[in-house]
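Remarks on the structure that follows.
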Amino acid sequence: MEPMKRAREALRAVKAGEGIVTVLTGAGISAESGVPTFRGAGGLWREHRAQDLATPEAFAKDPQLVWDFYEMRRELVQPLEPNPGHRALAALEQQLGDRMRIFTQNIDGLHQAAGSQHVEELHGSLWRLRGMDSGRVFDDRTIPLPRSGDPLVPRCQESGEMLRPHVVWFGEPLDSELLHRAQLWTEGCEVFLIVGTSSNVYPAAGLAPLAANAGATVIEVNPDPAASGVTFTLAGPSGELLPKLCE
Ligand code: BJW
């Protein structure tokens, strides 16, 4: 039987029962919305050096350069819409309710824009900022960012502290409680769906093998599959394949 049919059957069995579906998404799910990926053709890390832009050392050395990079991405993403892949996952959640979680490596907010309610952002959000001293998190969807005091780098209007993007850079730990939740949902699921990630970046890349070791059916959706521990590979764009898988 073809992988799509078998993957659909695995998902249908969960819908009919009481099992859990855990989803891990990466940049590829947003590619058809127009968000650039990191590593493929046209990827951000092809044009920009990650160590100059997505590390705490880079921000300490040149906060303006790093902020310019994130401003550019906020401007790029703001007008974009979720695609049928995001929407298919939101529709699946309508059927499964609390029995489904999306853990996304993406910072673009497109799962939430598609209507998904249970989304956990492993690498943070383009739409939040964090105080360098207090660690306080600010929501901000306005572009350009409010700037006071220093005209180049945003600061908190109350405390004056410098603000940074609320994202996880290389060498920084993920929120430990969030990562723990991701691991629990991964170990406890019947179906683990991994979509649009090159599985290069840890600890997220360790989740699919964790699911497989715990006995889950692992379904990968990616035109260039890369995960390990996969049961069914659906090779193709998620905007086309997720609606077929989830309907
Ligand atoms: C489609 C498609 C379509 C295209 N449909 N698909 C163990 C082993 C080795 C290294 C490490 C390890 N553990 C930790 C590390 C170090 C490091 C790491 O993993 N390095 C590797 C690169 C070697 N990890 C970290 O540093 C992490 N922190 C950490 O481990 O801390 C430990 C610590 C503990 C205590 C104290 C201190 C530290 C943090 C990693 C943070 C990653 N951050 C970024 C930037 C976030 C903010 C931003 O966006 O600017 O996250 S990097 C970037 O990569 C971004 C992404 O979320 C992440 C993953 O990328 P993703 O989503 O997989 O995208 P791509 O482009 O790689 O792939 C796209 C895929 O889509 C491809 O497969 C395409 O085929 C596919 N695709 N079109 C479906 N239409």
Side-chain angles (χ1 to χ4, degrees), residues 23-59 65-74 76-77 80 82-89 102-111 120-130 164-180 182-183 193-210 219-228 230 233-245:
V23 184
L24 174 68
T25 62
I29 194 168
S30 296
E32 288 153 273
S33 292
V35 183
T37 61
F38 292 92
R39 294 173 183 80
L44 285 170
W45 297 158
R46 291 280 178 97
E47 287 173 35
H48 307 272
R49 279 160 39 101
Q51 57 269 43
D52 291 343
L53 296 164
T55 63
E57 293 77 21
F59 190 72
L65 179 75
V66 175
W67 260 121
D68 285 348
F69 176 62
Y70 282 92
E71 287 260 305
M72 177 270 284
R73 290 173 61 198
R74 285 157 59 100
L76 191 152
V77 169
L80 301 181
N83 66 57
H86 297 106
R87 292 206 188 88
L89 292 181
I102 297 175
F103 293 91
T104 186
Q105 298 170 83
N106 300 342
I107 63 173
D108 54 34
L110 289 176
H111 283 299
E120 306 249 32
E121 295 173 313
L122 292 169
H123 293 165
S125 169
L126 263 181
W127 313 111
R128 291 202 295 276
L129 298 80
R130 189 163 81 235
R164 58 162 280 180
H166 184 52
V167 299
V168 182
W169 287 321
F170 284 112
E172 293 188 313
L174 278 67
D175 179 282
S176 59
E177 284 179 21
L178 169 52
L179 179 59
H180 185 58
Q183 287 162 342
L193 184 54
I194 176 166
V195 185
T197 174
S198 61
S199 295
N200 268 307
V201 173
Y202 288 82
L207 294 176
L210 184 65
I219 304 170
E220 179 171 27
V221 180
N222 194 322
D224 186 10
S228 44
V230 174
T233 299
L234 307 179
S238 48
E240 285 176 26
L241 296 184
L242 281 178
K244 291 184 183 146
L245 176 67

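As the structure lists them, so they are numbered: ligands from 1, and atoms in each ligand from 1.
- Below 3.5 Å of separation, one finds no N or O of V195 facing any N or O of ligand 1.
- Between the choices P223, S238, S30, the shortest heavy-atom distance to atom 6 (N) of ligand 1 belongs to P223.
- Applying the 4.0 Å criterion to heavy atoms of P237 picks out, from ligand 1, the atoms 3 (C), 5 (N), 80 (N).
- Here the protein heavy atom with the shortest distance to atom 15 (C) of ligand 1 is Y202 CB, 4.2 Å.
- With a heavy-atom cut-off of 4.0 Å, E32 touches ligand 1 through its side chain alone.
- Not counting sequence neighbours, the partners of D52 by the side-chain hydrogen bond (donor to acceptor under 3.5 Å, both in side chains) test are R49.
- Nearest heavy atom pair, residue R74 against residue W127, reads O-CH2, 3.5 Å.
- If you check which protein heavy atom lies closest to atom 20 (N) of ligand 1, you get F170 CE2, 4.1 Å.
- Heavy atoms of G171 approach ligand 1 to within less than 4.0 angstrom.
- Closest heavy-atom approach to atom 60 (O) of ligand 1 among the candidates H166, R39, E220: R39.
- If you check which protein heavy atom lies closest to atom 64 (O) of ligand 1, you get A27 CB, 3.5 Å.
- With ligand atoms numbered from 1 in the order given, ligand 1 contributes 61 (P), 63 (O), 70 (C), 73 (O) to contacts under 4.0 Å with heavy atoms of T197.
- The shortest heavy-atom distance from G43 to ligand 1 is not under 4.0 Å.
- A cation-pi arrangement is found for R164 relative to W169, the charged atom lying closer than 6.0 Å to the ring centre and inside a 45° cone about the ring normal.
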Show every donor-acceptor pair shorter than 3.5 Å between a side-chain atom in residues 236-244 and any protein atom, with sequence neighbours excluded, or say none if there are none.
none

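- Checked by atom type, the side-chain pair Q105/T197 shows a donor-acceptor distance below 3.5 Å.
- Atom 77 (N) of ligand 1 has as its closest protein heavy atom G28 CA, 3.5 Å.
- Of the protein's heavy atoms, N222 OD1, 2.7 Å lies nearest to atom 75 (O) of ligand 1.
- What sits closest to atom 51 (O) of ligand 1 on the protein, heavy atoms only, is H123 ND1, 3.1 Å.
- Separation of atoms OH (Y70) and CG (L126) is listed at 8.0 Å; rounding is to 0.5 Å.
- Separating the CZ atom in R87 from the NE2 atom in H111 is a distance of 13.0 Å, to the nearest 0.5 Å.
- Across all their heavy atoms, T37 and A31 have their closest contact at CG2-CB, 4.2 Å.
- Residues L193 and L245 have side chains in contact (heavy-atom distance under 4.5 Å, counting atoms from C-beta outward).
- Residue contact check: R73 has heavy atoms under 4.0 Å from atoms 48 (C), 49 (O), 50 (O) of ligand 1.
- Taking every heavy atom of A31 and a limit of under 4.0 angstrom, the matching atoms of ligand 1 come to 78 (N).
- Considering all non-hydrogen atoms of both residues, A58 and Q51 come closest at CB-O, 3.5 Å.
- The residue from E240, E121, Q105 that puts a heavy atom closest to atom 59 (C) of ligand 1 is Q105.
- Contacts between Y70 and ligand 1 below 4.0 angstrom, taking non-hydrogen atoms only, involve the side chain exclusively.
- Side-chain contact between L89 and V23: present, with at least one pair of heavy atoms (C-beta onward) separated by less than 4.5 Å.
- Distance check, rounded to the nearest 0.5 Å: CZ of F69 to NE2 of H48 gives 5.5 Å.
- Here the heavy atom of the protein found nearest to atom 41 (C) of ligand 1 is V168 O, 3.3 Å.
- Among all non-hydrogen protein atoms, the one lying nearest atom 29 (C) of ligand 1 is E172 O, 3.3 Å.
- Counting atoms of ligand 1 from 1 in the listed order, those under 4.0 Å from a heavy atom of D224 are 75 (O).
- At a 4.0 Å heavy-atom cut-off, ligand 1 touches V201 through backbone and side chain alike.
- Applying the side-chain contact (heavy atoms from CB on, under 4.5 Å) test between P82 and each of D108, I29, L110 identifies L110 as the sole match.
- Of all heavy-atom pairs spanning S30 and N106, the tightest one is OG-ND2, 3.6 Å.
- Annotation for ligand 1: atoms under 4.0 Å from non-hydrogen atoms of G26 are 62 (O).
- Taking only nitrogen or oxygen atoms, main chain and side chain alike, A54 does not reach within less than 3.5 Å of ligand 1.
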